[in-house]
Asks: 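So that we are looking at the same thing, I have put the structure below in structure tokens.
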Amino acid sequence: MGTLTVRENLQFSAALRLPSTMTNHEKNERINTIIQELGLAKVADSKIGTHFTRGVSGGERKRTSIGMELITNPSILFLDEPTTGLDSSSANAVLSLLKRMSKEGRTIIFSIHQPRYSIFKLFDSLTLLASGRLMFHGPAQEALKYFASAGHHCEPYNNPADFFLDVINGDSSAMILNRENRDGEAKETEEPSKRDEPLIEKLAEFYVNSTFFREMKVELDQLLGVQKRKKSRVFKEITYTTSFCHQLRWTAKRSFKNLLGNPQASIAELIITVILGLVIGAIFYDLKSDPTGIQNRAGVLFFLTNNQCFSSMPSVELLVVEKKLFMHEHASGYYRVSSYFFGKLLSDVLPIRTLTSILFTCITYFLLGLKPTVEAFFMMMFTLTMVAYTASSMVLAIAAGQSVVYIATLLMDTSFVFMMIFSGLLVNLRTVVPWLSWLQYLSINRYGYVALQHNEFLGQNFCPGLNVTANSTCSFAICTGEEYLMDQGIDLSPWGLWQNHVALASMTVIFLTVAYLKLLFLNKYS
């Protein structure tokens, strides 16, 4: 996690992967030992770094990743290209560290891309693959002799690792000269895949007949016999050393630290909320209780609802940006999917959505001059918060499992636009044809808009100086809030208000369930 320090990342790994029987003092001792062992003492309290903030170097970042795995003191360590993206000096430092660790009794297996000679000298065992075939597996320092026995000699001052790749790919200078002398220029025009296929077959066949293969086959046959007798499926199951509550506390704590450590997005959202609230308050300032007040109230309530939906779209990054990190940590047994999911909700989604909704309501309500009662104020705040929760839940349901932010954003934009059409302002929902009218019940905007209208219009009089109880109004004139609500087909009873909140709560639960299941199956089938 780029917003955390080296020590905090190691503490997170220790808290979730070490047994609860270990004391905090013992865990901190192990963390300090690993920091010293990996040479990270100088940057232990420096942040890893993100796109916005500069952090530790690439080599230190790699060593921190290795350290997070060393927390459990594993006997076998798998690494995928630990030197990628590093300069030659940093790569040599990382591999020298791995060599020291291997001498302490650990088995370290890794893939590597273009190692220099000083790194190649550190290898104990070497495996070479080409087109899915095994070219060589055996002691690394005997590989040159093996290829020489196959007729491929390494030129002086050539890096053995580069030489092996050249031979396998058919690109070594000696082989090219032999091919030119033997076959002439015509052979050089053939496709590389067709040209190299016989060589790969020859090398694979040569290895099968070598002593290295026979010795390996004897060892594998022994292991295969043991595996057949055990027939265990343990490797498919992820085990956890800590409880759900412990995992929830630590994932929520890290998410909250991440929010505070990367304040650009959250602060920008709060600033935009304040500016937008002031602009809307200035445009619709002090709504009048006259016929123009009906249109202005309907327009501003419509805008408030839609703003809550569209302002929830930044939640897409919660699951898309951290997808790889989540998949790795869950597969490594850090936490359950449920712990991660609820930790994200409690520390990231709920605080931001609640804070922006409260802030937006406090700014706009008094500038607009809406119904001056305490009950109406808090009902509007509650409604806008519920709309924000539901919209964020839908965003999470769409974003879960997605790898590209753009695709998730496109799907959400389309969904919100359709919901906006069926909110009740752009078209009178009673006039929509029956085979399309059911779409209104899927609209988050509609439930929020209807609840805000019910809260604001009920009890209002828009014909000043006219006693609406003594004078009968024309059928085409609207003088009271009740008449407006009835014209919109809104139920005037208390249930007409609360049914919208029940619907929003139900949709929130459904969307969150969908998001959770997508995360669950994302790991199950990955």
Asks: Atom NZ of Lys518 and atom CD1 of Ile398: how far apart are they, to the nearest 0.5 Å?
Replies: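 Here the interatomic distance stands at 7.5 Å.
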
Asks: So Tyr449 and Phe302, would you call those rings parallel, tilted or perpendicular, with 30° and 60° as cut-offs?
Replies: perpendicular

Asks: Assess whether atom CE of Met22 is packed by more than 12 heavy atoms of other residues, nucleotides or ligands within 6.0 Å.
Replies: yes

Asks: Report the distance from atom OH of Tyr389 to atom CG of Leu345, rounding to the nearest 0.5 Å.
Replies: 10.5 Å

Asks: Charged N to carboxylate O below 4.0 Å: is that the case for Lys42 and Glu60?
Replies: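 Looking at Glu60 together with Lys42, the answer is no, because their closest N to O distance does not fall below 4.0 Å.
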
Asks: Is the shortest heavy-atom distance from the side chain of Ile66 to the side chain of Leu98 under 4.5 Å?
Replies: yes

Asks: Between Leu70 and Leu38, is the side chain to side chain contact (heavy atoms under 4.5 Å, CB included) condition met? List the steps.
Replies: CA-CA 10 Å; Leu70 293 179; Leu38 298 180; 4.0 Å; yes

Asks: Which heavy atom in Glu81 sits nearest to a heavy atom in Thr84, and how many Å separate them?
Replies: OE1-OG1, 2.6 Å

Asks: Looking only at heavy atoms, which two atoms of Gly39 and Arg63 are closest? And how far apart?
Replies: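 Heavy atoms only, the tightest pair is O-NH1, 3.3 Å.
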
Asks: Look up atom OG in Ser347 and atom NZ in Lys253, then write down how far apart they are to the nearest 0.5 Å.
Replies: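 Reported to 0.5 Å precision, the distance equals 12.5 Å.
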
Asks: Counting distance only, does the side-chain N/O of Arg297 pair as donor-acceptor with the main-chain N or O of Lys288 below 3.5 Å?
Replies: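 Present.
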
Asks: Tell me, do Cys362 and Met381 make a side-chain contact under 4.5 Å, heavy atoms counted?
Replies: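 With C-beta onward as the side chain, the pair touches.
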
Asks: For the residue pair Phe366 and Phe377, is the inter-centroid distance of their aromatic rings smaller than 6.0 Å?
Replies: yes

Asks: Atom CD1 of Ile294 and atom OG1 of Thr480: how far apart are they, to the nearest 0.5 Å?
Replies: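 So the CD1 of Ile294 and the OG1 of Thr480 are separated by 8.5 Å.
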
Asks: Answer yes or no: is there a donor N or O on one side and an acceptor on the other, between the side chain of Thr50 and the main chain of Gly2, under 3.5 Å?
Replies: no

Asks: Checking the side chain of Gln440 only, and the main-chain atoms of Ser437 only, is there a donor and an acceptor separated by less than 3.5 Å?
Replies: yes

Asks: Could you go through the salt bridge (charged side-chain N to carboxylate O under 4.0 Å, His left out) check for Lys344 and Glu322 one step at a time?
Replies: CA-CA 11 Å; Lys344 275 290 177 189; Glu322 291 185 15; 2.9 Å; yes

Asks: With a distance cut-off below 6.0 Å to the six-membered ring centre and an angular limit of 45° from the axis, does Arg446 pair with Phe422 as a cation-pi contact?
Replies: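 No, Arg446 and Phe422 do not form such a contact.
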
Asks: Kindly determine whether Leu517 and Val514 satisfy side chain to side chain contact (heavy atoms under 4.5 Å, CB included), including the steps that lead there.
Replies: CA-CA 5 Å; Leu517 291 176; Val514 171; 5.9 Å; no

Asks: Check salt bridge (Lys or Arg N to Asp or Glu O under 4.0 Å) between Asp487 and all other residues, then give those that pass, not counting sequence neighbours.
Replies: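 Testing Asp487 for salt bridge (Lys or Arg N to Asp or Glu O under 4.0 Å), a comparison that skips the adjacent residues, returns Arg430.
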
Asks: Heavy atoms, side chains only, cut-off 4.5 Å: are Leu519 and Phe326 in contact?
Replies: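 A side-chain contact under 4.5 Å exists here.
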
Asks: Please determine whether side chain to side chain contact (heavy atoms under 4.5 Å, CB included) holds for the pair Ile444 and Leu504, giving the CA-CA distance in whole Å, both sets of side-chain angles, and the decisive distance to 0.1 Å.
Replies: CA-CA 7 Å; Ile444 298 172; Leu504 289 173; 3.9 Å; yes

Asks: Which pair of non-hydrogen atoms, one from Ser392 and one from Val349, has the smallest distance, and what is that distance?
Replies: CB-CG1, 4.0 Å

Asks: Do Leu304 and Asn307 pass the side chain to side chain contact (heavy atoms under 4.5 Å, CB included) test, and can you show the C-alpha distance, the side-chain angles, and the key distance before you say yes or no?
Replies: CA-CA 5 Å; Leu304 293 179; Asn307 176 69; 5.7 Å; no

Asks: Checking Thr251 side chain against Ser339 main chain: does a donor-acceptor pair fall under 3.5 Å?
Replies: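 Yes, Thr251 side chain to Ser339 backbone: donor-acceptor pair under 3.5 Å.
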
Asks: Taking Asp348's backbone N and O only, do any of them form a donor-acceptor pair with Ser255's side chain (distance below 3.5 Å, no angle check)?
Replies: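 Absent.
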
Asks: Between the side chain of Asn306 and the main-chain N/O of Phe303, is any donor-acceptor distance below 3.5 Å?
Replies: no

Asks: Please report, to 0.1 Å, the donor-acceptor pairs under 3.5 Å made by any side chain of residues 72-79, with sequence neighbours excluded.
Replies:
from	atom 1	to	atom 2	distance (Å)
Thr72	OG1	Glu69	O	3.2
Asn73	OD1	Arg106	NH2	2.7

Asks: Taking all heavy atoms of Ala391 and all of Ser312, pick out the closest pair and write down the distance.
Replies: CB-OG, 3.7 Å

Asks: For residues Leu18 and Arg30, determine if any side-chain heavy atom of one lies less than 4.5 Å from a side-chain heavy atom of the other.
Replies: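 Leu18 reaches Arg30 side chain to side chain.
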
Asks: Counting C-beta onward and ignoring hydrogens, is there a side-chain heavy-atom pair between Met313 and Phe416 closer than 4.5 Å?
Replies: yes

Asks: Can you tell me how far the CG atom of Asp80 sits from the CD1 atom of Ile109, to the nearest 0.5 Å?
Replies: 13.0 Å

Asks: Just verifying a value: how many Å separate Lys47 NZ and Leu4 CG, rounded to the nearest 0.5 Å?
Replies: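 Going from the NZ atom of Lys47 to the CG atom of Leu4 covers 8.0 Å.
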
Asks: Is the closest side-chain heavy-atom distance between Met379 and Glu375 below 4.5 Å?
Replies: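 Answer no - side chains too far apart.
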
Asks: Give a yes or no answer on whether the side chain of Ser13 reaches the backbone of Asn9 with a donor-acceptor pair at less than 3.5 Å.
Replies: no

Asks: Do Thr242 and Gln247 get their side chains close enough for a donor-acceptor pair, meaning under 3.5 Å?
Replies: yes

Asks: Whether Lys324 and Glu329 form a salt bridge (side-chain N of Lys/Arg under 4.0 Å from carboxylate O of Asp/Glu) is what I want to check.
Replies: no

Asks: Nearest heavy-atom pair of Leu325 and Tyr335: which atoms, and what distance?
Replies: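 Minimum heavy-atom separation between Leu325 and Tyr335: O-OH, 4.2 Å.
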
Asks: Classify the ring geometry between Phe244 and Phe342 as parallel (under 30°), tilted (30 to 60°) or perpendicular (over 60°).
Replies: perpendicular

Asks: Would you say the side-chain atoms of Tyr447 pair up with the backbone N or O of Tyr441, donor to acceptor, closer than 3.5 Å?
Replies: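 Looks like yes, one N/O pair under 3.5 Å.
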
Asks: Will you find, in the side chains of Ser20 and His246, an N or O donor that is under 3.5 Å from an N or O acceptor?
Replies: no

Asks: Would you say that Arg254 contacts Lys257 through its side chain, given a criterion of any heavy-atom pair below 4.5 Å between the two side chains?
Replies: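 Result no, sub-4.5 Å side-chain heavy-atom pair not found.
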
Asks: Going through the checks in order, is the side-chain hydrogen bond (donor to acceptor under 3.5 Å, both in side chains) test met by Thr385 and Thr354?
Replies: CA-CA 6 Å; Thr385 305; Thr354 303; over 6 Å; no

Asks: Given side chains that start at C-beta, do those of Phe284 and Leu287 come closer than 4.5 Å, heavy atoms only?
Replies: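 In short, these two side chains touch, coming nearer than 4.5 Å.
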
Asks: Quick one: does His454's side chain have a donor or acceptor within less than 3.5 Å of a partner on Gly496's backbone?
Replies: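 Answer holds: no.
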
Asks: Which atom names give the shortest non-hydrogen contact between Asn445 and Thr305, and what distance separates them?
Replies: O-CG2, 3.4 Å

Asks: Examine the side chains of Tyr240 and His330 and answer whether a donor and an acceptor come within less than 3.5 Å of each other.
Replies: yes

Asks: Donor-acceptor pair, Arg7 side chain versus Ile35 backbone, under 3.5 Å?
Replies: no

Asks: Counting neighbours of OH on Tyr285 that are heavy atoms of other residues, nucleotides or ligands and sit closer than 6.0 Å, is the number greater than 12?
Replies: no

Asks: Answer with yes or no whether the side chains of Asn258 and Thr3 bring together a donor and an acceptor at under 3.5 Å.
Replies: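 Yes, a side-chain donor-acceptor pair sits under 3.5 Å.
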
Asks: Got a sec, which residues hit side-chain contact (heavy atoms from CB on, under 4.5 Å) with Lys371, two or more places apart in sequence or on another chain?
Replies: Tyr365, Thr373, Ala376, Glu456, Leu458, Gln460

